[in-house]
Structures are given as C-alpha cells and as structure tokens.
There are 4 protein chains.
Amino acid sequence: MNGYERRTELKKDKIRSAALELFCAYGTDKTSINEIAQKAGVAPASIYNYFGSKEEMVKDIIINLLESSLKAKKELWESDRPFPELMKRAISMQDDFIEHTNLDLLLQALLNTDPEIKKLIDDIYKRRYPYIVEKFIEKGHKDGYIRRDLSIEAATIYLKMYQDVVQQPEILKNRNKNLLKELYDLMLYGLAGTPIQDKV
Amino acid sequence: MNGYERRTELKKDKIRSAALELFCAYGTDKTSINEIAQKAGVAPASIYNYFGSKEEMVKDIIINLLESSLKAKKELWESDRPFPELMKRAISMQDDFIEHTNLDLLLQALLNTDPEIKKLIDDIYKRRYPYIVEKFIEKGHKDGYIRRDLSIEAATIYLKMYQDVVQQPEILKNRNKNLLKELYDLMLYGLAGTPIQDKV
Amino acid sequence: MNGYERRTELKKDKIRSAALELFCAYGTDKTSINEIAQKAGVAPASIYNYFGSKEEMVKDIIINLLESSLKAKKELWESDRPFPELMKRAISMQDDFIEHTNLDLLLQALLNTDPEIKKLIDDIYKRRYPYIVEKFIEKGHKDGYIRRDLSIEAATIYLKMYQDVVQQPEILKNRNKNLLKELYDLMLYGLAGTPIQDKV
Amino acid sequence: MNGYERRTELKKDKIRSAALELFCAYGTDKTSINEIAQKAGVAPASIYNYFGSKEEMVKDIIINLLESSLKAKKELWESDRPFPELMKRAISMQDDFIEHTNLDLLLQALLNTDPEIKKLIDDIYKRRYPYIVEKFIEKGHKDGYIRRDLSIEAATIYLKMYQDVVQQPEILKNRNKNLLKELYDLMLYGLAGTPIQDKV
DNA sequence: AATGAATGAGGGTTCATTCAT
DNA sequence: GATGAATGAACCCTCATTCAT
C-alpha cells in the first residue's frame, strides 16, 4: 500500500466512522450524504468516488462492523482462559461498540431490503457464529459448566440473547455490579437456580 | 357510536394495520404515506384527516400496540393458572403479533426522536411492566419455581429478553418443539442446568 | 324576505365577517375555507352552498366592502356640511375599517387575477369615484377652499393618496408632465394653494 | 470572486428578478417555486440550494429592494442639488421600480408574518428614514421652501405618503390631535404653507 | 482525484372542492 | 338545506446522484 492508497484508506475510514456515528444516532434513512460528507470533511461527491452509492457505503460499513465483531468473539472463545471468565467477557465484550448500540436496527432494516446483506447475515448466524459457539460449548462441557444435553442451536440463541440484552443502553448506564452478577447467575442456573457454590 | 363514527373507526383500523405491516417490513422511514394509503385503499389525504401527520400516526399505532400487548400480559399473569403454564404461555404469547416482530426496532428508533413515546415507554418499563413482573415472581416464589434471592430488576430483564428472543422470525419459523422446550429449560435452569424432574 | 331567507342572510353575514377578519389578518391565500367555517360556526360545505366557491366568496366580500365604502363617501361629500369638516371627516373616515386596513392587499391581489373585479374597480375609480370627487371639488371651489386651477384628475389622486386607497400602477405609467407638475404643486402649496411664482 | 461564485451570483440575480416580477404580479403566496424556477430557467431544487427556503428567498429579495431603495434616496437627499429639484426627483424616483409598484403590498403582507422583516422595517422607518428626512427638511428650511413650524414626524409621514411607501396602520391607531391637525394643514397649505387664518 | 453546482424523483402535507348521508 | 367524510391537485421541500470544472 503506497502513500496514495494509504491516504485514500484513511479518508474512507474517516467517512466510515462519521457515517456510523450518524447512522446510530438517527438511522441510515434520516442521515443524508451531505451530513456525512460535512462531518467527514469531504465533498458529497467524494463519497460517491469512494463507495459508489449510499447503499453500498452502508453495506460496507455494516460488513466491516460484523466482521470485526465476529473476529473479536472468535479470538476470545478460542483463547485458553477458564470458562467462567470467557462467559463474563463475552457478555461484556461489546464495550468496544458501546456507542454503536443501535447496530441491530441497521441490520434489521437492511435484512428486508438487501439480499447481499441477508446472505452475509445468514452465513454468519447459520455457519460461522454457530461454529464459534460450538467451540465455546465444547469447552463448557469439558470444564463441567454446561450440561451435555444442550443443543448448539438453543445455546446460540441463548447466548446471543444475553449479548443483545446487555448491550441495551439502560442496563449499561445503570449497571451495578449486583445486576450484572444476577444476570450472570441466571445465565448459568436459570430462574429456579441452583445455589451451588459460586465459582466465579 | 353512530354510522359515521363506526365507519371512521373501521377505516382507521384498516389504515393502522396496513401501516403496521409496512412499518415492520421496511421501517417507518422507508414507508411512505402513499404506500400506506394504497395498501389501505384510501386517499393519502384521508390519512391526514384521521391522524394529522405521519408522526402522529406512528405514535398512535405504537401506543395502541404497546397498550394492548401490556394488557394481554397483565391478564395472563394475573390469572390463576399454574406457574409453569404461565411461563409457557408468556413465552409464546406474541403469536398474535407473529407478523409484527420488528416492534422493538420501531420502538428503539422512536425512542431517540419522540419524547412523548419515550415517556410512555419509560412509564411502561419502569412502572407498569415491573409491577406485573413482580406479581409473576411472587407467584413463582410461592409455587417454588423461582429462588427467593432474585431481584425484580434482573427478573424483568430476563423475562423481557426471553420474550424478545422468541419473537424472532427465524425461531418461530424453524420452531420445533425441542428447541422451544430447550429454551424453556434454559429459562428455568440455565446453562449449567439441574435436570430435576421436569414438571411441565 | 321571509324567515328562512332572513336566517340565510344572517348566516351569510356571519361567514362574511369571519372571512373578512381572517383575510385582513392573514390574506386570502393563507386563509382556508375550513378556518372560515370554523370561525363562522358552520360546516365548510355550507360555504359552498352559500357562495359557490372560495373565489366567488372573496369577490362577494370585496364588492360588498367597496360598495359600502363608496356609499359612505358619497353620502358624506353630498351632505351639506361645511367644506373643512368634510375634509376632516374624509381623512378620518376609514375609522370604520380601522381593522380592515389590509383591504388594499386584497384588492391588488385580485386586480391581477380576476377580470370581474378589475371591471368593478375600473368602474369605481374611473367613473363613480371621480364623479363624487367632482362634486366635492365643486363645493371646494364654491366655498373658496380650493383654487380653481386644480384638475379633477389631480384632486382625485391627491385625495386617494390621503385616504390610503388603492395605489394604481397605471397612473404612474401613464403619467404626463402636467399631472406630475400638478402633484408637485399640491405637495408644495396644498389644496388652498398660494400661486406664487413657480421656481421650479 | 472566482468563476463559480460569479456564475452563482448571476443565477441568484436571475432568480431574484424572476421572483420579484411574479411576486408583484400575483403576490408571494400565489407564486409557486416551480413558476419562479421555470421563469428563471433553473430547477426548483436549485432555488433551495441558493436561498434555503421560499421564506428566506422572499426575505432576501425584500431586504435587497429596501436597502437599495433607501440607499438611492439617501444619496439623492444628501446631494447638493437645489431643493425643488430634489423634491421633483424624490417623487419621480420610483421610476426604477416602475414594475415593482406592488412592493408595498408585499411588505404589508410580510409585516404580519415575519418578525425579522418587521424589525428591519422598523429600523428603516423609525431610525434611518427619519434621519434622511430630517436632512431633507433642514435643507428645505435653509432654502426657505419649508415653513419652520413643521414637525419631522408630520413631514416624514407626508413624504412617505407621496412616495407611496408603506402605509402604517399604527399611525392611524396612535393618532393624536396635533399630528392629525398637522396632516390636515399640510393637506390644505402644502409644504410651503400659507399661514392664512385657520378656518377649521 | 476532488468538488461545487444542478437536478429528477419522490416525500409529507394542505386545501378547495365534491358527494353521500 | 346542512354536514362529515373523502379526495385530486398542487405545494414546499429533501436528497441521492451526476457532471463539468
């Protein structure tokens, strides 16, 4: 990557981050190319030079986000840390995207309109993400934290659920140690609970 | 209610349902008044006669939905059914809104723009909904299904999480008995699980 | 006029006065039939029963106003009061329309769009109003308050100016030297005039 | 001013003059952006690029007109020409705006709706215009064309009247006896005046 | 490569007007 | 005769996109 390309990539990233911020604050629809251009300090026409169209830019940004998020999870769950720590970290991981909490909104809206995104999401949530979860569960089995009769499918949903919920701004804002700990207990032992000796 | 008013209310409902369907499919922004009007079989201007503006129409629909959903939950959880059945029904309740699965997304998007909606949501999720959950948990305690050291706060989040998740189209579409049952088990006993005798 | 007709005429007048008030406050364009109807306490459709269309209603009201205003002036200037009092009263006469000072606006806007109004205005300001002014000036002559070398034309313009009546673009366009000079004389020496040596 | 800016300014002026012509013919309300755009030979959207909104365009045009008109008067009355010529010219000055004779109507209509315009008008007619008139009268005094007992206030009103400038309803409302008497005196005896025995 | 200017397409909204009741 | 409901046409305005510079 020579100097020109590097500068181009830098500008693209500036546009990407400006756009993402606005998207999360107002949604992709209510964010105009002009606003993004102004916030990024470029001319609107330049965005078209870089990304082709607004739709493609949105896709580019979403894919970027999904891939990096997935990569982080994969790295975490393939690491050698003890199981309870993995769980704790997994739940809290989205800290990196603390200001991007509306990602799901972006996704949902696009799922119904863009087939390419739909394919990517499907690929992620039906193939790659389950694969990671499988690894996670295997470790849970091995370490004795997850009962053996639990299907990958159910576990995937369950985990995703937890991650989505802990992303919610209110929870993050009011987050007190006890609440998070309770949620964590619920995750392991459910409503009925099994007040076994807490290992965490 | 005379003839005029009855017809008006019928048309309003027709508009409401047409709008809701489109909103959930494409989001409120990408749904134009023209589309709604066409789908509902009325003139665009009529929508303004009924609702005043697009924004007010959105609010009207959302509030309608929230109130009726809350009412249904309240009725369910205040009923005299045994606890496990309550849980099962609560999880499956949104069947009625099987095609309205993006409600949360609508809400999220509106939370950032409309203060009136924000106030309503706050009222529901900080006052009325917790109150209902409290009743539900009391019953769980009494019947021995919920351990006594669980806070209302954590339980509220946990339950809401379950209801949101089970609303997801993929789960509903692929729903097989086993998956739902597994989720239900997870709800009660968590990942670690306590394969006590299943009472459900 | 029987009971029915009397009630009809009453309602029409109610509409007329409501409309006039709104017209003067906001202009005819920015005043909607619905507003008028509401202010007059009738249904919008009723206005159509009475007046046929908005345009016709506006015409009706304007003509009403012009005729009554002209009639008042005619009565005043044909009365037997001494000349100075006539003048004073003429200047102050628009008291009746103190809140209708935007009448000119209504007229001007209509002059360019409605030929019927144009014809009426022409009739008034080229035939009937000059006739009245002529009478007025004759009286001025006879009583020694107006010098004899003043043309009806100039006097008419002068009076109109004072009374804040329609400002006519045509006059400015067709302006001839004598007319301008007369206006200039009036400006310097007034109606009574002091035919001193002209220095211009 | 580079090429871009020069062309922009040219187009803006083209739009301004097209708009002004239509405004004077039909009023600002009855003139649509589409009409203006067509007459100016640009796309409707371009007008928004230039002026932001219809309202702002109207303000821009009005302010433009008022300022240039005021500037012309100021220059005239501060010039060294003999008094009678000044008067003659002042009366004839609006030649430049011979096709803009409805300016006053535009102003009146806007006075009731736009506070910024109201402030400008107030500034002009309560501060800047009277100042100019004062200079004019001083010259009239010095040259012996205006009797010394004439108030600035009355002279201002008188001149405005002659020049067909804004007719202010407030004046009529706040009318006090002296002011009216002065106006009446002016009407009878003109600027030069003939202090004959007052018969009124 | 970068951008200022221009615009076509479409959105929300208003309102004079009609029509069935 | 009076009215509530319904609407077509037109309006102001936005914005993704293109193009000449």
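Residue numbering restarts at 1 for every chain, and letters A, B, ... go by the order of the sequence lines.
Of the listed nucleotides (E/dG12, E/dT3, F/dA16), E/dT3 has the atom at the smallest distance from the side chain of A/A43. When distances run from any side-chain atom of C/I33 to the nucleotides E/dT17, F/dT17, E/dG4, the shortest one goes to E/dT17. Of the candidates F/dT7, E/dT18, E/dT13, F/dT7 carries the atom nearest the B/N49 side chain, counting heavy atoms from C-beta on. Counting only heavy atoms from C-beta on, D/S32 has its side chain closest to F/dC12 among F/dA16, F/dC12, E/dA6. When distances run from any side-chain atom of D/K54 to the nucleotides F/dT3, F/dC12, E/dC15, the shortest one goes to F/dC12. Nearest to the side chain of B/V42, among F/dT18, F/dT3, F/dT7, sits F/dT7.
For the pair D/Y26 OH and F/dC11 C1', the interatomic distance rounds to 18 Å; values are reported in whole Å. Separating the CG atom of D/L10 from the P atom of E/dA5 is a distance of 13 Å, rounded to the nearest angstrom. B/R6 has its CZ atom 16 Å from the C1' atom of F/dA5, to the nearest Å. Atom CD1 of B/I47 and atom P of E/dT13 are 10 Å apart (whole Å). If you take CG of A/N34 and C1' of F/dT17, they are 11 Å apart, rounded to a whole angstrom. Atoms CD1 (C/I36) and C1' (E/dT17) sit 14 Å apart, rounded to a whole Å. Atom CG in D/D29 sits roughly 14 Å away from atom C1' in E/dC15 (whole-Å rounding). Taking atom NZ on C/K12 and atom P on F/dG1, their separation rounds to 13 Å, with Å as the unit.
With a 3.5 Å ceiling on both atom-pair distances, E/dA1 lacks any Watson-Crick or G-U wobble partner. In this structure E/dT21 sits in a base pair with F/dA2, meeting the Watson-Crick or G-U test at under 3.5 Å.
For the pair B/E55 and D/Y50, both in contact range of DNA chain E, the more 5′-proximal nearest nucleotide belongs to D/Y50. Toward the 5' end of DNA chain E, the nearer of the two residues A/T8 and B/R7, judged by each one's closest nucleotide, is A/T8. Taking for each of B/G41 and D/Y4 the nucleotide of DNA chain F with the nearest heavy atom, the 5'-most of the two is the partner of B/G41.
Considering every non-hydrogen atom in both B/K59 and B/E116, the closest pair reads NZ-OE1, 2.9 Å.
Within a 6.0 Å radius of CD in B/E55, no more than 12 heavy atoms belonging to other residues, nucleotides or ligands are found. Crowding of D/Q38 atom CD: a count of heavy atoms from other residues, nucleotides or ligands under 6.0 Å not exceeding 12.
Residue B/K11 has a polar side-chain atom (N or O) positioned under 4.0 Å from OP1 or OP2 of F/dA6. Under 4.0 angstrom from either OP1 or OP2 of E/dA2 there lies no side-chain N or O belonging to A/S46. Taking 4.0 angstrom as the limit, C/Y48 places a side-chain polar atom (N or O) nearer than this to OP1 or OP2 of E/dT17.
Side chains of D/F51 and D/V58 form no contact here, defined as non-hydrogen atoms less than 4.5 Å apart.
Across C/I47, C/D60, C/I61, a single residue satisfies side chain to side chain contact (heavy atoms under 4.5 Å, CB included) together with C/I15, and that is C/I47.
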task = Go through the steps to decide whether A/L20 and A/C24 satisfy the test side-chain contact (heavy atoms from CB on, under 4.5 Å), and finish with yes or no.
result = CA-CA 6 Å; A/L20 184 55; A/C24 289; 3.9 Å; yes
